[in-house]
Each structure stands twice: as structure tokens, then as C-alpha cells.
Amino acid sequence: MATDHNQVWQNCIDIIKDNVSMQAFKTWFEPIKPVKLEKSVLTIQVPSQFFYEWLEEHYVPLLKKIIRKELGPEGRLEYSIIMENNYDNANPYTVKVPTTNKKAIKNPSVSMPLDMSDTPIKNPFIIPGLRKLNIDSNLNPNYSFDNFIEGDCNRLARSAGFAVANKPGGTSFNPLLIYGGVGLGKTHLAHAIGIEIKNQYPEKTVLYVSSEKFTHQFIDAVKNNSVNDFSHFYQMIDVLIIDDVQFFSGKEKTQDVFFHIFNHLHQTGKQIVLTSDKPPVEMQGMEQRLLSRFKWGLSADLQTPSLETRIAILEKKMYADGIELPKEVVEYLAYSITTNIRELEGALISLIAQASLNKKAITLDLAKQMIDKFVKNTAREVSIDYIQKVVCDYFDLPIELLKSKTRKREIVQARQIAMYFAKKMTKSSLANIGLHCGGKDHATVLHACRTVNNLQETDKHFRKYLEDLEKKLSIQ
Ligand code: ADP
Ligand code: MG
């Protein structure tokens with residue numbers, strides 16, 4: 001076995017070449033430099049975070065196979081990422097990221113006394129003879145509780161999830177149904193529960209499955225005449241986590257088989273965790289008896305995160321990836337993307353990728369250009385909150401004062417300017433703008449707009465303020 005990092009990487013490269021297109025090879029593998037080899041861990045240097053994520057997403061199975069071949073079963077890959085973030089400095093700095101350790105979280109072997117024909121195994125639910133079966137939990141180790149930021153928006157769901165993880169099947173939260181809009185963390189939380197249970201109770205069989213996969217497995221089982229095996233398989237799980245159960249809507253047969261599995265698990269004290277994009281009362285096309293089961297335990301919702309939570313989520317992600325961004329950029333992202341954490345993270349990742357690939361500094365301007373691509377299907381509009389923040393930063397005033405009822409002269413003026421821009425740049429009603437700016441009524445907002453317009457014509461300093469602010473607030 002080769003022991004020198006250059007040699008090992010060269011061997012890897014030779015195999016990779018044969019397995020990917022020339023274009024892909026040139027783009028994604030040629031720029032990689034081997035850095036070191038220590039205790040079966042090969043560290044390679046990649047030019048950017050984006051690069052690393054691309055490799056992880058598209059080439060992990062291949063890389064894993066090759067690394068095992070070269071370095072044995074203990075072989076691992078670590079990435080060292082060059083961040084071209086520090087632009088005044090000719091030396092790029094390096095962050096080290098271990099491979100997303102997507103090692104399967106293992107369940108204990110389970111044997112089922114099923115009488116089976118031998119190889120080849122056509123039916124995935126059949127366990128030949130008394131051979132042991134290892135069920136992969138399908139849990140993503142990155143979706144842990146540690147990585148799940150707590151906020152008012154998720155406190156109930158998070159603590160219920162944590163309680164369930166500490167005592168699976170032993171709380172009144174059975175089933176635990178987590179519901180909420182797209183990109184608010186349902187899947188993350190569902191995994192976190194599974195991971196925590198595996199940490200505390202390694203002997204328990206935990207299975208995460210999307211309702212889509214469950215449905216497809218069931219359809220296959222029907223085709224193969226193995227519905228009984230399918231049910232048995234699910235009935236021996238200790239903690240069953242089914243994601244996006246709304247997908248069962250209108251699928252009567254799947255609901256039927258799930259109903260029986262549910263009953264069996266519930267009666268035997270096993271834990272069931274479900275997620276859905278709606279609360280049970282709004283689930284259409286779901287059988288009543290199933291809906292009533294869903295309500296047996298606890299339904300906890302995930303709401304849209306507050307600004308502070310959004311910033312904390314971004315900071316956590318940056319920290320995990322070893323990236324630093326100017327504070328104003330982080331705030332801008334958090335102010336602009338308010339209703340979907342996946343989009344928020346997507347914007348952050350793209351911003352870093354853009355900057356890194358094009359060797360541009362990550363500036364507020366770049367962030368503004370990028371953001372449009374991420375806030376899909378909604379006309380981009382700055383928020384009143386963002387306007388208030390920019391105005392307050394500009395005049396160096398605390399934002400609380402602007403939102404208060406104080407009538408101090410300089411605050412009144414800043415507040416009027418914020419109202420003026422809110423009227424001009426958002427679709428908010430006068431009443432809503434007033435509400436955001438110290439609980440004023442619509443007449444006050446109208447008055448503010450007139451005052452600002454008048455001053456703008458008569459006072460050139462004031463006009464300059466407005467021009468500066470307008471520039472700061474404009475999207476592009
Ligand atoms: P959903 O399943 O509700 O559509 P996901 O669980 O897939 O949403 O979450 C979308 C993204 O947002 C994931 O990358 C997830 O890690 C992240 N995320 C959601 N909530 C949080 C949170 N509270 N803290 C950290 N990351 C979060
Ligand atoms: Mg999801």
C-alpha cells in the first residue's frame with residue numbers, strides 16, 4: 001500500500017480518470033492537490049467551499065470506494081478548503097473540513113424467523129434463513145440537535161422532540177407530529193430525534209423513511225406479493241420516523257397498511273415520529289381513523305424564525321463551514337429571506353461559491369445581486385425592518401428608539417424618513433407602516449411622507465441623506 005500522499009492521490013486520480021468524463025475530470029479533479037496522509041486519512045486541498053460541496057454531492061460514492069481501495073477500510077478523506085476571502089492578503093487561508101461523515105448510523109442486527117428461499121434476494125423485506133439483517137437508519141448525522149438552533153419559532157417542537165429522544169415510546173408524545181411550512185426544519189428535527197435516540201439507546205432500531213419511499217416500497221411489495229413481509233419489517237422497528245406524511249393523502253391502500261403498522265407499534269410502546277406540511281385538521285384525503293391516531297400524541301408546529309434566529313442559523317452554518325462574512329452581509333441575508341431556512345442557507349452557499357469561484361470579495365453589493373435568485377416567485381421588496389435598520393445605522397441611532405413612541409427631534413426625523421422609504425419601497429399599507437414605526441396611525445405616516453417630500457425640495461443636506469439612504473436600500 002502506498003504511504004505517500006502524492007502517490008496515493010496519483011493512484012486515486014488514475015482510477016477517477018477512468019470513471020468520470022474528461023470535462024468533469026478537468027473541472028473537479030485536476031485542481032485538487034493532495035496535502036498529507038496521516039493514519040489512513042488523506043487530506044486534499046480544494047479551491048473553494050462550493051467545490052467541496054460539489055464533490056460531496058456528486059462524487060462521494062466513487063471517492064469512498066477508491067479511498068477504501070487505496071487505504072483500506074479505515075481510509076478517509078479530509079478536505080482543506082482555500083477561501084479566497086481575505087482579498088488584501090495574497091495568502092489564501094485554509095479551513096479544514098472533514099468529509100461529511102455520512103457513515104450510516106447502524107442499527108443492531110435483527111433477525112426475523114421468516115422462512116425464505118436463498119439467494120438472490122429479490123424481496124428487500126425478506127431475511128434469508130436466520131441470517132441477521134442490518135437496517136440502516138437513514139439518518140443524516142449533520143441534522144443533529146446540536147446543529148438545530150433553538151428559537152421561539154421551534155421551541156415547543158424542539159423540546160418535545162428532545163423529550164421523545166430521551167424516552168422513546170415512554171412519553172405522551174406518541175406519535176409526535178411535527179408540522180410547518182417548507183424549509184422550516186421538519187426533516188432536520190426528525191433526523192435529530194433519531195440521532196439522539198441512537199446516541200442514547202444504540203440497541204434500538206431506528207428508521208427514518210420518507211412517506212414517498214414508504215409508499216413506493218409498499219407498491220413494490222404489492223407487486224411482489226410480499227405485503228406481509230413489508231408489514232412485518234416495519235412492525236419490528238423501535239422508532240419509526242416518517243417524513244412528510246401529507247404525501248399519503250388520497251392513497252387509501254398505503255394509509256391502510258400504515259394504519260396497521262401504526263397500531264402495532266403504538267400498542268407495543270414503540271415511538272412514532274411524523275412530519276407534515278400541515279396540521280392534522282387541514283390534511284385532506286386522509287382517512288379519519290388515521291387522522292384521529294395522529295392526534296393521540298402531540299402536534300407541534302414550526303413557525304417562521306425571527307430575525308435573531310435567522311442570524312443565529314447563518315452564523316452557525318458559517319462557523320461549521322469555517323467561513324467568515326462581513327456582518328452587514330449576514331444581516332442583509334437574514335433581513336431579506338424571512339420564510340424559508342433552506343433558501344436562507346442556499347443564498348449563503350451560493351454567495352460563498354460565487355465569491356470563491358469568481359475570486360470576488362463577499363460584499364453587500366454581491367449579496368444584493370445574488371439574493372434575487374433565491375427569493376423565488378416573489379417580487380423582491382425590502383422589508384420595513386430592513387429600512388429601519390439601514391436608517392438607524394446611517395444616523396447611528398438605536399433601532400428601539402425608532403420603534404418607540406419618543407418624540408425627540410432627531411428620532412422623529414429618522415422615523416419619518418423610514419416611513420417615507422417604507423411607503424416608497426414596500427407594498428405595506430400606511431397603517432402597517434405606522435404600526436412598525438412606534439405604533440403611529442396612517443395619518444401620521446402620510447404626514448411624514450409629505451414632510452420628507454417638502455424637506456427634500458428645500459434642504460440640500462436633507463436631500464443628500466435621502467440619496468445616500470436610497471442607494472443603500474436599493475436592491476441592485
Ligand atoms: P423542511 O423539512 O421543513 O422542509 P428542512 O428540515 O429540510 O426543512 O430544513 C431546511 C434547511 O434549514 C436544512 O438545511 C436545515 O438544516 C436548516 N434548518 C432548519 N431549521 C434550522 C434550525 N433551527 N437551525 C439550524 N438549521 C436549520
Ligand atoms: Mg422536509
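The side chain to side chain donor-acceptor pair (under 3.5 Å) check on Asn340 picks up nothing, with sequence neighbours excluded. Under the ring pair (Phe, Tyr, Trp, His ring centres under 6.0 Å) criterion, His5 pairs with no residue at all, not counting sequence neighbours. In terms of the side chain to side chain donor-acceptor pair (under 3.5 Å) criterion, Gln255 has no residue partners (sequence neighbours excluded). Applying the ring pair (Phe, Tyr, Trp, His ring centres under 6.0 Å) rule to Phe214 yields the partners Phe230, Tyr234, Phe248, Phe258; only residues at least two apart in sequence or on another chain are considered. Partners of Arg463 by salt bridge (charged side-chain N to carboxylate O under 4.0 Å, His left out), not counting sequence neighbours: none found. With sequence neighbours left out, Phe395 forms a ring pair (Phe, Tyr, Trp, His ring centres under 6.0 Å) with Tyr465. Qualifying side chain to side chain donor-acceptor pair (under 3.5 Å) partners for Lys167, counting only residues two or more places apart in sequence or in other chains: none. Partners of Lys213 under the salt bridge (charged side-chain N to carboxylate O under 4.0 Å, His left out) rule, at least two apart in sequence or in another chain, do not exist in this structure. Residues satisfying the side chain to side chain donor-acceptor pair (under 3.5 Å) test with Glu287, not counting sequence neighbours, are Arg289.
The CD1 atom of Ile261 sits 10.0 Å away from the OG1 atom of Thr254 when rounded to the nearest 0.5 Å.
Annotation for Lys403 and His436: closest pair CG-O, 3.8 Å, computed over non-hydrogen atoms. A pairwise comparison of heavy atoms in Leu139 and Lys198 identifies CD1-CG, 4.1 Å as the closest pair.
Residues in residues 451-462 take part in no salt bridge (Lys or Arg N to Asp or Glu O under 4.0 Å) pair, two or more places apart or across chains. A ring pair (Phe, Tyr, Trp, His ring centres under 6.0 Å) check over residues 139-174, counting only residues at least two apart or in different chains, returns the pairs Tyr143-His188, Tyr143-His191, Phe145-Phe162, Phe148-His188. Identified under the side-chain hydrogen bond (donor to acceptor under 3.5 Å, both in side chains) test for residues 385-394, with sequence neighbours left out: Glu331-Lys389, Lys389-Asp393, Tyr394-Asp468.
No hydrogens or angles considered: a donor-acceptor pair under 3.5 Å links the side chains of Gln200 and Asn166. A donor atom on one side chain and an acceptor atom on the other are found under 3.5 Å apart for Asp301 and Gln303. Side chains of Asp243 and Thr187: a donor on one and an acceptor on the other come within 3.5 Å. There is no side-chain donor-acceptor pair under 3.5 Å between Asn432 and Ser429.
Contact check on Asp152 versus Arg155 returns a salt bridge, with a Lys/Arg side-chain nitrogen under 4.0 Å from an Asp/Glu carboxylate oxygen.
Not one N or O on the side chain of Arg310 forms a donor-acceptor pair closer than 3.5 Å with the backbone of Ile341. Remark: the backbone N or O of Ile178 is not paired with any side-chain donor or acceptor of Thr275 at under 3.5 angstrom.
Between Phe294 and Phe262, the ring planes are tilted. Angles from 30° to 60° get that label.
Inter-residue side-chain proximity for Arg76 and Leu42 is flagged as unmet; no heavy-atom pair is nearer than 4.5 Å. Taking 4.5 Å as the limit, some side-chain heavy atom of Arg415 sits within range of a side-chain heavy atom of Ser404.
A cation-pi arrangement is not found for Lys424 relative to Phe421, the charged atom failing to lie both closer than 6.0 Å to the ring centre and inside a 45° cone about the ring normal.
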